There are 2 protein chains.
Amino acid sequence: MPQRRVYFFGGGHADGRGGMKNLLGGKGANLAEMTHLGIPVPAGFTISTEVCAHYYTNDSSYPEGLEDEVAKAIGRVEEAMGGGFGDPDDPLLFSVRSGARVSMPGMMDTVLNIGLSDDTVAGLIKKTGNDRFVYDSYRRLIQMYADVVMGLESEEFHRLLDARKKEKDVFHDMDLSAEDLKYLAGQFKAKVKELSGKDFPDDPREQLWGAISAVFRSWNIQRAISYRRLNDIPDDWGTAVNVQAMVFGNMGEGSATGVAFTRDPATGERTFYGEYLPNAQGEDVVAGVRTPHPINLSQKKEGDGESLEEMMPEIYASLDAIREKLEKHYTDTQDLEFTIQRGKLWMLQTRTGKRTAEAAVRIAVEMESEGLIDRKTAVMRVDPDQVEQLLHERIDPKTEYTALTRGLPASPGAAVGRIVFTAEDSVAWAEDADEDKHRTILVREETSPEDIDGMNASQGFLTARGGMTSHAAVVARGMGKCCVAGAGDLQIDYRAKTCTVNGTTLKEGDWLTLNGSTGDVIAGKVPTEQPELSGAFATLMEWADEFRQLGVRTNADTPEDAKTARKFGAGGIGLCRTEHMFFGEERLQYIRAMIMANDETERREALDHLLPFQRDDFEGILEAMAGLTVTIRLLDPPLHEFIPGTEAEIRELARDLGKDPDSMVERAAALHESNPMLGHRGCRLGVTYPEVYEMQARAIIEAACALVKRGIDARPDIMIPLVGEPRELSLLRELVERVVKETMRKKGVEVNYHIGTMIEIPRACVVADEVAEHADFFSFGTNDLTQMTYGYSRDDAGSFIKDYLKLGILRKDPFQSIDKRGVGALVKMAVEKGRGVNDELKVGICGEHGGDPESINFCHHAGLDYVSCSPYRVPVARLAAAHAVLRAKMKGML
Amino acid sequence: MPQRRVYFFGGGHADGRGGMKNLLGGKGANLAEMTHLGIPVPAGFTISTEVCAHYYTNDSSYPEGLEDEVAKAIGRVEEAMGGGFGDPDDPLLFSVRSGARVSMPGMMDTVLNIGLSDDTVAGLIKKTGNDRFVYDSYRRLIQMYADVVMGLESEEFHRLLDARKKEKDVFHDMDLSAEDLKYLAGQFKAKVKELSGKDFPDDPREQLWGAISAVFRSWNIQRAISYRRLNDIPDDWGTAVNVQAMVFGNMGEGSATGVAFTRDPATGERTFYGEYLPNAQGEDVVAGVRTPHPINLSQKKEGDGESLEEMMPEIYASLDAIREKLEKHYTDTQDLEFTIQRGKLWMLQTRTGKRTAEAAVRIAVEMESEGLIDRKTAVMRVDPDQVEQLLHERIDPKTEYTALTRGLPASPGAAVGRIVFTAEDSVAWAEDADEDKHRTILVREETSPEDIDGMNASQGFLTARGGMTSHAAVVARGMGKCCVAGAGDLQIDYRAKTCTVNGTTLKEGDWLTLNGSTGDVIAGKVPTEQPELSGAFATLMEWADEFRQLGVRTNADTPEDAKTARKFGAGGIGLCRTEHMFFGEERLQYIRAMIMANDETERREALDHLLPFQRDDFEGILEAMAGLTVTIRLLDPPLHEFIPGTEAEIRELARDLGKDPDSMVERAAALHESNPMLGHRGCRLGVTYPEVYEMQARAIIEAACALVKRGIDARPDIMIPLVGEPRELSLLRELVERVVKETMRKKGVEVNYHIGTMIEIPRACVVADEVAEHADFFSFGTNDLTQMTYGYSRDDAGSFIKDYLKLGILRKDPFQSIDKRGVGALVKMAVEKGRGVNDELKVGICGEHGGDPESINFCHHAGLDYVSCSPYRVPVARLAAAHAVLRAKMKGML
């Protein structure tokens, strides 16, 4: 028997199963699964993802025999639902929808009402007695088909619709009569002919195959590709196609359509949560054109429409029972779509519900205590990248502000940014050289899937229309961004690039603050603050700590950062950069004097002035991290970074330092470098100006000694940057060790210290065995290591990396997620070589990759001891480190 | 029995052997060997290099029992030579000399006449009857000892000597009487006391041990370290110390001293060649203070002093017989030192004779035909680095010039440079930012070992005094540089930085030409030319080709370079850079128009103009290399390299191109890069501006098609630079291949072509298996690979690499000789990975390392197919490639 390619479901029987997501896509598998569970699902069939692969590798053609299989499946649907596809007397209509392994909401195409034609329209009118509904469905089919299948300009059809509304002097589509819609259907068909030279197909089978092909094609439209790139979905997964009998929520009285979540997707509260629209089709809810009603009384607020619980109590009760059944079955929050056709409830879809970080954490922890899932599962349920938002910007509760208006609190948190009115502007502003323009708030009537790139570039979204399940709201929660939706007072003038709210006019570039937790919209910048790590979140983090093997440290240069990170669970400092400490006005003067010194004596004199500053810095940081390791990197950047850029400034500096301006200009010119990234920096400075590293080592140990004398457990580790040749490290280790011992002797105090190196030069990885002979620890500086391994200057590579991502030459920006094949291979090599000669070697990472979950997973498998990341990424890293362990265990179980 | 540390030789018996160079040093081993051969060698003993190692690792102390061993050896010397060390009646004197494994002429210290004291002076006078000689020897001992052993300022002693000469109104030291010298000895001893607070040691044993320690110490004085660095001599070899009975060439009548070569060290001619001075000590010959006499009649020219052959025919005959014996024994040209003491000939030293490249080649080839050595040995006898000089600058024989004067043709070839008068200036000029100052001629009265760095920085040397074996001459031949020595007409005023020759005054910075083959000194620049590869040299190269396994290609961007390289034996072009082709005035205009284009259409328009230029370039080069592979690298440098640097120039360019100046300035600013080395260049340009690579591919194939139509075998290989990610190559290979096939189809011609890549990004080495799937060949661009593997920008690293070499952090500049441990390991990894997936993969190197013998040896062992180097390095590479094979064979035989 040949491989099955078409999977029927309906009438209590399904060929597929919920576990077959790779083959049937998430939607198809869930439809099959729901059917098995005895849930009322309109019958239909799923064409598998293998057909999609075949379609793309065989020049857009289908495998032999597929047509027969589809025809047979249509027969089974007719049997289950009654009526006949193309039957003029009792026509059965189909929807054709995409469905990939993971949900890509709104990214691919859909065609509804397949099967309507001049022939079947009459039959359907007879059957439903509702000619307005039928002609509306028909004109929608033509409009959708022209756009999605035939690729015609949809604007042309909108124009005809608008013209008719104007003629009839009505505002809403709903106010058009059956006659108008019939007229429009005719106009639309003529327009199809005019634009394409072809007739709109009257044959239902031709319509069906056109729609199937369009859905397969839509896997590779730009917005779908963008979405996949943003969400790490492989291009070769492909989509399945779901062909399902249409049921109608817009068949007048007793009909409705809605979406619901088994728990509140914003807060995670265990309450049935949803919206519906009476007498409407599904896309009316999602598109946010009409403001939906709440699903039940518990949600209902003043001014809301009648709830489903009130309007159809029995149906609501069935729906609630289905909700219970599905959540228990899937042991996770579900996102449901339903339609009520003339008093009969149909479930159209169930899938794992997207949720905010806050909701994700609460749901995971509560489901564990409800006994639905175990601790491991609870930990795995929360996406590490998502939890960062729990630690970011929230309107400072002590701040009083006057809101311009209040919309729906569609995605919590706070966003502060400058107003832009189009997705394109949002992208352009984010890429502007002026950093002050990078934070934007996207303000729209409503958003649509085309806006995805722009939404990604913005801090948050404000929409004038749409509900909690509108596009903007769903995307915001998925991205962990703040969103205020359906702010009805907002009037936007796209051409003028202004918006008006209750008499206040704001223009592009004005600052705006959104409070996504309350729905408040505030002009200007409102102070924000960081929340505590407490409640369910704290519990989840504790669980993560039980599982993880990697240590998590932080990158911090100040006592404040160190304290924040410690609060978030950092187990030490993995990278404390010392150069930022030189930029205070007085300090800068001495470092400049040091650089401009004529000889070692003058240099030492300047350094003597710097020593007390450095000692104070280190004392503060070591104290904040008492009992934990503080890894301090000695001076790293090239000296010219401390020198003013223009000749006039240098001359002024010369006057300040009492030096000859000409020779100063000359000295500054001598410091100039063609490629500073590869220049005289890092330990190369330590070698040529040993007195600088001596001063720093002395300052560190003096600080530690002072703390130890006060009974504080100071644990400095001294890190020598940019080592490429083992002899650099042996020489500088000797120098630092001499100063350390001398200082400890002088102070009469023993300090717990280590000396190690950054591994950030490719050569250091290759000769890591020799380097490890002189190192107590390695810390991978994967930012620089990536720059040199790829030969990409981070400052310059933006110009081509974007093209590389677009062309698929790079799958990911290697500065965001570690390049496992190249940079990662060097890291592994270094770990193996280093540990090979030095059992005691501690190995960590302190590049920005230390806060990236995928990179943390790599670090776990490469056998690192710890990762170090920015304070706000510490919980992300703790969770990601736990995921790395659990994911490996799960794979081991398979 | 404990390990022997002191090796006696003399009276026909020696403890050591010629093969024991590691232990006894070259000089010690040869003294032992000569003794075994029955050659008259003054008795003495050698303290081994192991003692040197002990001395350095044990805080300048000696092993237990060494003193006894030395005392016993002194006894044996006394027995062999007669007299007693410290015996007031019949004193025996010693010389104490260094002797490392390989000769380091003049680099370390020597003390002569050890054993003279107020007590022994009288006995020696009685024994020799020559009080002048004895007091001269005594004051020399004090002077040398004070300088070398006690570290006192030698200038102070010179001053006393000069004062005495002035008092006595004499010009030469020789004109001072015994009385004067006795007086000076007294003055010298008083000066020693005054400067050091200590008495000059009167105890001969104290003198001896002081001298021995001084020689061991001198292993680590700066000039010795510099010499080792220049000559790749490991620091841990150490030196032996040779203590040998003094014999005197300055004992009046019947005494003489000299040096000789068994063949002419300048031309290689098989003739006994040497110089001597009657009544003189050895250093008088070497220091060039007196102009020596020729050793025999065949050498004697008008104005020369009496030859040894005339003055002492019997002694000359013995010397000639010893010469024959030694050359047969060592099967190589020897450099001999001899002294005649009152009619008795003593051989003081034999060692392998330094020679010019010309001589090295001739001697090797002639010795092979004489049956002294085999072909392999002949090939191994010539240092690859040396042969380059055979191909460089020689005065164009068609040029007539008027010489200012003629000196001795001390080292052949030609040198054209600017006059400098001190070694320090020579170094400073070579490092000047102004390249025009880099070529210098060092003009000195005479040179000394302290000048070694400056000599290395100069093109050639001109000295006013000294003979063919003077310091300048010996060093010049060793370095393969041109030298004219002993130009007596030359008068130098160091203070004024001028020199006068026969009435013409030249100043610092003036151009000067030296003809080292004739001794001519010419004011200004004289045209030079390149010699042919013919005669013995051609023979040797053919032999090298028989042995070598590596192919040798050249880096050439023009048909002229290609022709030169082919003449020198290049087997193809390994790197033809295309960017230099854009710098012609008209071309530059189009490339700038291309860069400044607003869109692809404008870009293509500009490229259309460039195509015919490129096609012509390629046609010329492919024709010059007909039948051989020409590897053409597509555009590599960042585009800003083609854009003028200042805003004013850009505005002018805008006017020329008819563009808006403001937007042009903006575009130029956008092209600016912080680290151009790691920026938008190489294949990254090919990806973002595919039309550029398309144009180049088309130009290459159109050129090849035109040649093939003319019956010429054009073989272009297209090389894509800077690949770091396999997908870059697969994408660009596809693009290039499409153009290639299209062009061949259009022209109706099949071209033999390949497509490959430079491997110059560390990541490319790590993922070389994946890269190799899309490559017909790999060519290692080790310049860039070294920059990125080390993180060194070549433009900037000068500032610290010098310090790194000084501190021994780097053994060699990794841009000169490949870093085997780091960069080399990546190269090996890439070769293994690449070949692992692609059997057919051709692998070569086209960085500058391709012309460096040590790197070539590495390439051989890494399994590369070929090296590519500049045209003048092609013979060097051919020879080095043969050496790599033969050296490996020799090691295999051990």
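Only this structure's heavy atoms are used, side chains among them; waters, hydrogens and symmetry mates stay out. Since we're looking at a predicted model, the values are computed, not measured. The chains referred to below are lettered A, B, ... by the order of the sequence lines, with proteins before strands, and numbering in each begins at 1.
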Mind running side-chain contact (heavy atoms from CB on, under 4.5 Å) on Arg727(A) and Arg811(B) for me, showing each step along the way? CA-CA 10 Å; Arg727(A) 283 186 288 264; Arg811(B) 287 265 163 76; 3.8 Å; yes

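If you measure heavy-atom distances from Leu807(A) to chain B, the contacts under 4.5 Å come from the side chain alone. Using a 4.5 Å cut-off between heavy atoms, Ile809(A) contacts chain B through both its backbone and its side chain. Using a 4.5 Å cut-off between heavy atoms, Asp819(A) contacts chain B through its side chain alone, with no backbone atom that close. With a 4.5 angstrom heavy-atom cutoff, Glu725(A) touches chain B only via side-chain atoms. When heavy atoms are compared at a cutoff of 4.5 Å, Pro726(A) approaches chain B solely by way of its side chain, counted from C-beta outward. Proximity to chain A (any heavy atom under 4.5 Å) is shown, for Glu760(B), by neither the backbone nor the side chain.
Nearest approach of Thr688(A) to Phe800(B), heavy atoms of both residues: CG2-CB, 4.1 Å. Taking both residues in full, the closest heavy atoms of Pro676(B) and Ser674(A) are given as CD-O, 3.4 Å, listed atom of the first, atom of the second, then distance. For the pair Val766(A) and Ala825(B), the tightest heavy-atom approach, listed with the atom from each and the gap, is CG1-CB, 3.4 Å.
Shown here is Glu737(B), whose CD atom has more than 12 heavy atoms of other residues, nucleotides or ligands within 6.0 Å. Within a 6.0 Å sphere centred on CD of Glu666(A), heavy atoms belonging to other residues, nucleotides or ligands number 12 at most.
Here Asp796(B) contributes atom CG and His672(A) contributes atom NE2; the two are 7.5 Å apart, rounded to the nearest 0.5 Å. Rounding to the nearest 0.5 Å places CG of Asp803(B) at 8.5 Å from OH of Tyr689(A).
Side chains of Tyr804(B) and Glu728(A): a donor-acceptor N/O pair is present below 3.5 angstrom, by distance only.
Among the candidates Leu678(A), Asn675(A), Asp795(A), the single residue satisfying the side chain to side chain contact (heavy atoms under 4.5 Å, CB included) test with Leu678(B) is Leu678(A).
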